[in-house]
Amino acid sequence: MRIFILSAFLFFSISNFAQIKGTVTDEKGNPLPFVSILEEDTYRGTTSNEQGQYQLQVNETGKNKIVFQYLGFKTQKLSVASDSKTVILDVKMYEESFALNEVIIDSKNNPANAIIKSAIANKKENSEKTTRYTADFYSKGMFKVKDLPKKILGQKVDLGEDMASNLDSTGTGVLYLSETISKITFQKPDKLKEKIIASKISGNNRGYSYNTAALSTYDFYDNTLDFDVKLISPIANNAFNYYKFKLEGTFFDDNNQQINKIKVTPKRDKEPVFEGYIYIVDDSFAIYAIDLDIKGYRMKNDFTEVMTLKQSFSYNSKNKIWSKNAQTLSFNAGFFGIKFFGNFNYIYSNYEFPDSFEKKTFGNEIVAFEANANKKDDAFWNEIRPIPLTIEESTDYTKKDSLLTVRKSRKYTDSIDAKNNKFKILDILMGYDYKNTFKKYSFAYKGLLNLSSLSFNTVQGFNLDSGFSFKKWNEEKGKSTSISTTFNYGFSDQRFRVIGDFSHRFNNINYATIRASGGTKTAQFNGAEPITKFVNSISSLLFKDNYMKLYNLEFAQINYGQDVANGINLNAKIAYEQRKPLFNTTDYSFFKKDAIYSSNNPLAPNDFTTPAFDQHHLFKTALNARINFGNKYISRPDGRFNVKNEKYPTVFLAFEKAFAASEKKYEFEKIGTAVQYDLSLGNKGLLGMNFKAAKFFNAENISFTDYRHFNGNQTHIGTTDRYLNVFNLMPYYTNSTNDSYFEMHLEHNDMGFVTNKIPVINLLKSTMNIGFHSLAIPDRKPYSEFTVGLDNLGFGKFKLFRVDYIHSYQGGIEQNGVVFGLKILNVLD
């Protein structure tokens with residue numbers, strides 16, 4: 001009933017509105033895109049589209065003055081005389097004549113500096129005028145590609161049947177088009193509640209667009225704006241450290257208020273800064289408009305060439321508030337000769353500025369979708385859409401929505417599947433995939449020559465995997481089921497090992513998931529697997545280093561996990577494990593034929609006969625909790641999607657117990673905790689923190705496999721983006737413990753704050769990492785590391801490397817070394 005009443009009220013509201021529409025052009029008849037159009041002294045407004053067309057909803061015509069505002073052109077205020085429900089009002093706009101008062105401009109007397117200083121001094125007062133508001137919000141986003149080749153580096157570009165059909169013969173077309181209409185409630189600095197009234201994606205009948213207000217809030221009254229890195233506002237408190245300003249002219253708006261056009265130029269090219277123009281109102285020194293560019297390299301995104309952010313503000317003479325009515329975010333990006341273009345338009349209207357909100361106005365739910373928000377028909381959108389569709393957009397909707405009907409049919413999906421599912425004789429060796437799109441299940445066979453799994457270790461020699469997998473899914477209900485089996489064969493130990501795995505997710509609300517697995521495998525003593533198969537293979541075959549120590553694990557286990565409350569996830573496990581020691585079976589390498597590998601015993605690398613532990617078995621149970629304080633979430637009909645609150649740390653709690661072992665000495669208990677937090681330091685970078693502590697009980701004689709093994713690194717190769725879970729020079733097993741421990745990792749990435757200011761270094765467009773790592777264990781000297789290095793290194797647009805210098809210290813023993821970070825290894829493994 002509530003939904004029916006709301007829908008009826010919305011229909012009644014729409015039906016009582018009149019509409020003014022038309023085209024805005026310049027003096028030569030060229031259409032003007034993104035012109036701000038609003039009803040005077042109201043918060044009803046819109047903008048023109050790329051073809052200069054607009055449509056504006058008003059309460060009634062005949063008593064209206066419509067304001068047309070566009071940067072570089074004179075503001076026009078036109079009366080609408082007709083009382084018709086629909087009025088056609090075409091407008092021709094004329095270029096603004098900028099005036100510049102006669103002033104002496106020198107290094108000590110720059111009028112732009114005085115205006116910016118006043119804007120900074122008054123920004124708190126101006127910002128507080130829009131501290132709280134409710135508003136209607138509309139967004140439209142389009143993402144296009146141009147010149148997409150058939151192949152890149154010899155590899156075929158596969159976008160899928162649906163995506164590929166959007167492109168013409170030159171590889172050009174619209175990849176994404178969506179619209180959103182919502183009601184927003186906002187309170188500075190970051191409290192937001194958004195109700196999605198309607199959402200639409202071209203060619204997608206689910207239609208849950210991510211074009212939300214939460215992702216489009218850019219406030220230049222703040223000192224920094226978040227674009228992956230913190231960019232400095234031209235009116236930040238420290239703006240004069242980053243910018244030069246020039247007054248290019250002044251003009252008067254329709255309210256006879258003087259507007260100052262100020263050119264914004266970076267002092268240093270590589271800093272996280274904007275460039276372009278900011279328009280400041282004289283006397284109040286509020287923001288009138290923004291027209292600023294962001295170079296991709298300035299926000300550490302080398303694939304983006306330039307991003308342009310435009311904002312326009314309107315003045316309400318009744319409450320004397322300048323409020324943002326329109327925003328446009330566009331960008332150009334590319335690589336390998338491919339060009340990408342994006343354009344997102346945002347309209348804010350029907351503002352209300354309450355003095356306060358009720359205490360329960362804001363909660364952890366930041367975005368919610370009204371029932372059937374993605375089911376609105378064309379008549380609804382044509383009536384309520386504030387920016388008319390362009391011919392290209394209208395064509396895209398028509399084409400893709402028509403194709404969707406065909407592609408969702410069983411006849412079509414079966415025909416496509418039949419083509420892709422065709423079996424070839426080589427599939428026996430290389431692998432085979434089968435998919436039934438209509439019934440939503442798939443089957444995969446990895447092949448006898450699954451070369452991507454090929455690796456080398458001294459226990460198995462060369463080894464590779466094969467196997468089968470089955471998946472079934474239901475996107476609407478958030479359910480999915482997967483069953484897989486993996487076969488591994490070692491050519492040196494001539495041992496065949498098999499693992500089976502079953503997993504089922506029940507929903508996308510609390511993410512309840514059950515998993516059962518079992519079989520036989522080789523396992524690293526450190527279950528975190530700090531040595532990747534790829535890095536170990538290279539270390540062994542090229543340098544004859546044997547760092548990966550393995551044992552044979554036969555196991556069966558069941559896991560169950562779910563979100564039990566907002567931000568709290570629990571996971572429980574029970575497992576049976578039988579452990580057997582393993583020995584080297586090969587001395588093969590490409591080089592250093594005369595050298596000898598260390599043994600597979602991590603406690604005695606020169607002992608090739610004594611096992612690291614005695615064969616045994618036990619049962620294990622574990623309970624783990626992950627707590628995200630202040631967790632936010634987006635509610636959609638098909639699920640709940642968590643959004644971590646960056647203000648608070650993530651806390652992990654763990655309890656583990658071994659019981660029913662083959663010998664009593666192998667049984668123990670362990671409790672542990674960890675805290676992870678990223679502290680934003682504004683434009684000065686990001687400080688990452690990871691603290692861990694745990695305590696064993698009744699563990700004096702447990703197996704070495706159950707010790708706490710720390711993530712060391714003797715390969716001098718880093719494989720992760722950040723080093724917040726690794727000791728860069730520490731041997732893998734020298735500090736393993738069955739007692740208590742405290743582990744600390746700190747890493748500060750300056751995001752270019754320092755490197756942007758250093759000559760020559762700033763040409764690399766890199767960032768600097770400074771780190772400290774420490775480990776404390778009873779009855780041992782603490783282990784410490786100090787690190788400094790450069791990140792975001794690479795060639796052209798591909799920044800895949802980092803280099804760090806490490807100094808470590810433990811009990812009078814000092815080491816120095818260099819770690820080379822190869823982030824691409826995340827993909828290879």
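Under the 4.5 Å side-chain criterion, counting only non-hydrogen atoms from C-beta, Asn526 is in contact with Asn711. Counting heavy atoms from C-beta outward, Arg505 and Tyr511 have side chains that approach closer than 4.5 Å. Using a 4.5 Å heavy-atom cutoff, the side chains of Glu476 and Asp638 are not in contact. Proximity of Ser784 to Phe772: side-chain heavy atoms (C-beta onward) are separated by under 4.5 Å at one or more points. By the 4.5 Å heavy-atom criterion applied to side chains, Ile366 and Val643 are counted as neighbours. The shortest distance between side-chain heavy atoms of Phe629 and Asn645 does not fall below 4.5 Å. Two residues are said to be in side-chain contact when any heavy atoms from C-beta on lie closer than 4.5 Å; Val819 and Ile806 meet this criterion. Two residues are said to be in side-chain contact when any heavy atoms from C-beta on lie closer than 4.5 Å; Gln562 and Asn571 fail this criterion.
The closest side-chain donor-acceptor pair between Asn713 and Asn728, if any, does not fall under 3.5 angstrom. There is no side-chain donor-acceptor pair under 3.5 Å between Lys632 and Asn566. Side-chain N/O atoms of Asn463 and Asn488 include a donor and acceptor closer than 3.5 Å. No hydrogens or angles considered: a donor-acceptor pair under 3.5 Å links the side chains of Gln557 and Asn559. Side-chain atoms of Glu785 and His807 form no donor-acceptor pair, as typed in the model, at a separation below 3.5 Å. Checked by atom type, the side-chain pair Asp607/Thr609 shows a donor-acceptor distance below 3.5 Å. For the 3.5 Å distance criterion, the side chains of Ser539 and Asn536 fail to qualify, holding no donor opposite an acceptor. Looking at Thr458 and Asn546, their side chains do bring a donor and an acceptor atom within 3.5 Å of each other. Inspection of the Thr585 and Ser492 side chains reveals an N or O donor paired with an N or O acceptor under 3.5 Å.
Of all heavy-atom pairs between Asn601 and Leu603, the closest is OD1-N, 2.9 Å. Between Ile596 and Asp587, the closest heavy-atom pair is CA-OD1, 4.0 Å. Closest heavy-atom contact between Thr522 and Leu582: CG2-CD1, 4.0 Å. Closest non-hydrogen pair, Ser736 versus Tyr732, comes out as OG-O, 4.2 Å. Annotation for Ala512 and Asn507: closest pair N-OD1, 4.1 Å, computed over non-hydrogen atoms. In this structure, Ser466 and Leu448 approach most closely via the heavy-atom pair OG-N, 4.3 Å.
With a 6.0 Å cutoff to the six-membered ring centre and a 45° limit on the axis angle, Arg640 counts as a cation-pi contact of Tyr633. Under a cutoff of 6.0 Å and an axis angle of 45°, Lys695 and Tyr741 do not form a cation-pi pair. The cationic atom of Lys521 (NZ for Lys, CZ for Arg) lies less than 6.0 Å from the six-membered ring centre of Phe555 and within 45° of the ring axis. Cation-pi geometry between Arg802 and Tyr723 is met: the NZ or CZ atom falls under 6.0 Å from the ring centre, inside 45° of the normal. Cation-pi check for Lys544 over Tyr597 is met; the charged atom lies under 6.0 angstrom from the ring centroid and within 45 degrees of its normal.
Within a 6.0 Å radius of NZ in Lys435, other residues, nucleotides and ligands contribute 12 heavy atoms or fewer. Within a 6.0 Å sphere centred on CZ of Arg495, other residues, nucleotides and ligands contribute more than 12 heavy atoms. More than 12 heavy atoms of other residues, nucleotides or ligands lie within 6.0 Å of NZ in Lys424, so this atom counts as buried by the packing criterion. Within 6.0 Å of the NZ atom in Lys440, the count of heavy atoms belonging to other residues, nucleotides or ligands exceeds 12. Counted within 6.0 Å of NZ on Lys657, heavy atoms from surrounding residues, nucleotides or ligands total more than 12; the atom is thus considered enclosed. Around the CZ atom of Phe655, the shell of radius 6.0 Å holds more than 12 heavy atoms that belong to other residues, nucleotides or ligands.
Residues Phe613 and Tyr551 place their aromatic rings such that the two centres sit under 6.0 Å apart. Outside the 6.0 Å centre-distance limit, the rings of Phe443 and Tyr445 are not counted as a close aromatic pair. Under the 6.0 Å cut-off for aromatic ring centres, His773 and Tyr783 do not qualify, their centroids lying 6.0 Å or more apart. Taking the six-membered ring wherever Trp is involved, the centroid distance between the rings of Phe423 and Tyr432 falls below 6.0 Å. When ring centroids are compared, Phe462 and Phe456 come within the 6.0 Å threshold.
Note that the CG atom of Asn364 and the OG atom of Ser635 stand 10.5 Å from one another [nearest 0.5 Å].
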Self-check item: Stepwise side-chain hydrogen bond (donor to acceptor under 3.5 Å, both in side chains) check, Asn508 with Lys477
Solution: CA-CA 7 Å; Asn508 280 341; Lys477 296 182 178 180; over 6 Å; no

Exercise. Output, in order, the C-alpha distance, side-chain angles, deciding distance and verdict of side-chain hydrogen bond (donor to acceptor under 3.5 Å, both in side chains) for Lys549 and Ser598.
Key: CA-CA 10 Å; Lys549 310 300 182 183; Ser598 61; 2.9 Å; yes

Quiz item: Between Lys620 and Asp706, does a salt bridge (Lys or Arg N to Asp or Glu O under 4.0 Å) hold up when you go through it step by step?
Solution: CA-CA 11 Å; Lys620 266 189 175 183; Asp706 292 311; 2.8 Å; yes

Quiz item: Can Asn436 and Asp417 be said to form a side-chain hydrogen bond (donor to acceptor under 3.5 Å, both in side chains), step by step?
Solution: CA-CA 6 Å; Asn436 189 311; Asp417 288 341; 5.5 Å; no

Quiz item: Would Ser452 and Asn450 satisfy side-chain hydrogen bond (donor to acceptor under 3.5 Å, both in side chains), going step by step from the backbone distance to the final call?
Solution: CA-CA 6 Å; Ser452 63; Asn450 182 17; 2.9 Å; yes

Quiz item: For Lys670 and Asp739, what are the C-alpha separation, side-chain angles and deciding distance, and is it a salt bridge (Lys or Arg N to Asp or Glu O under 4.0 Å)?
Solution: CA-CA 9 Å; Lys670 177 187 175 185; Asp739 201 343; over 6 Å; no

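Using a 4.0 Å cut-off between charged nitrogen and carboxylate oxygen, Arg708 and Glu743 count as a salt-bridge pair. The pair Lys580-Glu554 counts as a salt bridge, with a side-chain nitrogen and a carboxylate oxygen less than 4.0 angstrom apart. Comment: Lys446 does not engage Asp465 in a salt bridge, judged by the lack of any side-chain N to carboxylate O separation of less than 4.0 angstrom.
The only member of Glu667, Glu669, Lys664 that meets side chain to side chain donor-acceptor pair (under 3.5 Å) when paired with Asn698 is Glu669.
Put simply, the side chain of Thr673 gets close to the backbone of Phe652: a donor and an acceptor are under 3.5 Å apart. Between the side chain of Ser662 and the backbone N or O of His617 there is at least one donor-acceptor pair closer than 3.5 Å. Lys593 places a side-chain N or O within donor-acceptor distance of the main-chain N or O of Ser589, the cut-off being under 3.5 Å.
Using bins of under 30°, 30° to 60° and over 60° for the plane-to-plane angle, the ring pair Phe506/His504 lands in the perpendicular bin. Note on ring orientation: taking the six-membered ring where Trp is involved, the planes of Phe704 and Phe525 are tilted (angle from 30° to 60°). Between Phe727 and His745, the ring planes lie tilted relative to each other; the angle falls in the 30° to 60° range. Using a 30° and 60° split on the angle between ring planes, Phe696 and Phe668 fall in the tilted class, from 30° to 60°. Ring planes of Phe468 and Phe487: perpendicular class, angle over 60° (limits at 30 and 60°).
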